[in-house]
Amino acid sequence: MRILAIPCLTDNYAYLVVCETSGLSALVDASEAGPVIDAARAAGLAPRAIWSTHHHHDHVGGNEEVARALGVADVLGHVSDRGRIPGQTRFLDTGDTFTLGALEIRTQHIPGHTLGAIAYIVRDPATGETALFTGDTLFCAGCGRLFEGTPAQMHASLQSLAAVGPAARVYCGHEYTEGNLRFAKHVEPTNAAVDAAMARAHALRANGEPTIATRIEDELATNPFLRVRSAEIRRTLGIAEGADDATALGAIRSAKDGFRG
Ligand code: ZN
Ligand code: FE
């Protein structure tokens, strides 16, 4: 499996997923038409499908123009996003499976940021690699704002992504990593894994490179929204020791919404 990140808009990423065995490819989130079409043509690829992670314009704004220009046949999204994803032809839910050449894809409904958010979990049986396309639900070192869902939904969605396995790689919808890590450092100042992730992210950004992709094991070590039981985070934010996970996640999300670091 080969994955190309395509920078779009201010800080969005679209992706090209390529099965190297068959040469087949697909796009994740056609954010805007120009860069996506250019990237596919430059790579000599003719993606058959667009996999949309959620209905927000910065993720689907290029769907129709990209489909026309590249001859894309199918636009995938969650069943509940019917009418909200331009050009959608396939309506998926948790546990649906399909293939891209030799690659095996499974979808997982991950409500929270929006109610129709869906993850594409791609496994390459030849290498054992797994890639997670998480949209705006799980970010490197963060999570999306709760525009439509509840803290409990976001918590369950993030846990379902973490459960895919420690080695799975996270391909998210935005380059928010450095800002997310500043917040992670603020709420958990003695977490050395956050310092290491910050150094890595700074070095990559200084070279103009994406911080994508981290592994789930990195996220479990650094991401405050996967660390809702951390005593230090709870102390920093005044979350009761006995508060349940979803309540803690809600408090961490509120603190991040107001964080200017
Ligand atoms: Zn979004
Ligand atoms: Fe977004």
Side-chain angles (χ1 to χ4, degrees), residues 1-54 56 58-77 87 98-107 118-140 161 164 167-178 200-201 203-216 218:
M1 146 164 64
R2 190 157 61 94
I3 296 168
L4 284 76
I6 309 166
C8 292
L9 303 169
T10 310
D11 48 30
N12 277 78
Y13 288 119
Y15 296 100
L16 272 162
V17 185
V18 186
C19 166
E20 290 164 297
T21 311
S22 62
L24 294 178
S25 61
L27 281 160
V28 179
D29 281 356
S31 300
E32 61 170 335
V36 168
I37 293 168
D38 290 349
R41 288 188 174 149
L45 294 169
R48 297 265 179 97
I50 297 170
W51 306 346
S52 295
T53 60
H54 65 297
H56 283 161
D58 61 314
H59 299 263
V60 301
N63 276 14
E64 286 173 316
E65 194 179 336
V66 168
R68 264 195 310 277
L70 298 178
V72 167
D74 273 313
V75 176
L76 284 54
F98 58 95
T99 59
L100 178 71
L103 305 179
E104 299 167 352
I105 298 95
R106 176 167 65 83
T107 53
I118 190 166
Y120 299 87
I121 304 165
V122 185
R123 194 172 164 277
D124 185 343
T127 62
E129 291 172 297
T130 301
L132 296 178
F133 294 93
T134 60
D136 289 356
T137 303
L138 173 61
F139 289 128
C140 295
L161 292 169
V164 172
R169 289 192 175 274
V170 178
Y171 293 84
C172 58
H174 288 268
E175 182 58 66
Y176 288 163
T177 310
E178 287 179 295
R200 171 189 172 273
L204 287 166
R205 297 308 289 154
N207 280 332
E209 289 172 43
T211 59
I212 314 304
T214 56
R215 292 178 189 273
I216 286 291
D218 304 318

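Below, all heavy atoms of this structure are taken into account, side chains as well, without hydrogens, waters or symmetry copies. In this text the structure is predicted, and so the values were computed from the model without any measurement.
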Kindly say whether Thr130 contributes a backbone atom to a donor-acceptor pair with the side chain of Arg123 at under 3.5 angstrom? no

Find the distance between OG1 (Thr107) and CG (Leu76) and round it off to the nearest 0.5 Å. 8.5 Å

Quick one: does any side-chain atom of Arg200 pair with a main-chain N or O of Thr211 as donor and acceptor, under 3.5 Å? yes

Where is the tightest heavy-atom contact between Thr21 and Ala102, given as atom of each residue plus distance? OG1-CB, 4.1 Å

The reported gap from CG in Asp29 to NE2 in His54 (rounded to nearest 0.5 angstrom) is 7.0 Å

Here the gap from Phe139 atom CZ to Thr214 atom OG1, rounded to the nearest 0.5 Å, amounts to 12.0 Å

What pair of heavy atoms forms the shortest contact from Val170 to Arg215, and how long is it? CG2-C, 4.4 Å

Side-chain contact, heavy-atom cut-off 4.5 Å: Ile216 with Val164? no

Kindly compute the distance separating OG (Ser52) from CD1 (Ile118), expressed to the nearest 0.5 Å. 10.0 Å

Short side-chain to backbone donor-acceptor contact, Glu20 and Met1, under 3.5 Å: yes

Given Val122, which of Leu132, Leu103, Val28 fulfils the side chain to side chain contact (heavy atoms under 4.5 Å, CB included) condition? Leu103

Begin with the C-alpha distance, continue with both residues' side-chain angles, and end with the deciding distance and a verdict on side-chain contact (heavy atoms from CB on, under 4.5 Å) for Leu24 and Arg48. CA-CA 8 Å; Leu24 294 178; Arg48 297 265 179 97; 3.6 Å; yes

Within the distance-only criterion (no hydrogens, no angle test), does the side chain of Arg205 pair as donor or acceptor with the backbone N or O of Glu209 below 3.5 angstrom? yes

Measure the spacing between CG of Leu100 and SG of Cys19 and express it to the nearest 0.5 Å. 6.0 Å

Looking at NE2 of His174 and SG of Cys140, how far apart are the two atoms once the value is rounded to the nearest 0.5 Å? 12.5 Å

Heavy atoms of Leu161 and Ala119 approach each other most closely as CD2-CB, 3.7 Å

Evaluate Phe98 against Trp51 for side-chain contact (heavy atoms from CB on, under 4.5 Å), listing each step before the verdict. CA-CA 12 Å; Phe98 58 95; Trp51 306 346; 3.7 Å; yes

Side chain Glu32, main chain Leu9, donor-acceptor under 3.5 Å: yes

In the structure I gave you, are the side-chain heavy atoms of Tyr171 and Val17 within less than 4.5 Å of one another anywhere? no

State whether the side chain of Asn12 and the backbone N or O of Asp58 hold a donor-acceptor pair below 3.5 Å, judged by distance alone. yes

Is any side-chain heavy atom of Leu70 closer than 4.5 Å to one of Leu27? yes

pair Tyr13-Pro7: side-chain heavy atoms closer than 4.5 Å: yes

Please indicate whether Glu65 has more than 12 foreign heavy atoms, meaning atoms of other residues, nucleotides or ligands, lying under 6.0 Å from its CD. no

Looking only at heavy atoms, which two atoms of Ile3 and Ala131 are closest? And how far apart? CD1-CB, 3.6 Å

Dump the intermediate steps for side-chain contact (heavy atoms from CB on, under 4.5 Å) on Tyr176 and Asp136, then the final yes or no. CA-CA 10 Å; Tyr176 288 163; Asp136 289 356; 5.8 Å; no

Going by heavy atoms in the side chains, are Cys172 and Ile212 under 4.5 Å from each other? yes

Least distance between heavy atoms, Pro35 atom then Ile6 atom: O-CG2, 3.6 Å

Over all atoms of both residues, closest heavy-atom pair of Pro125 and Glu104: CG-OE2, 3.6 Å

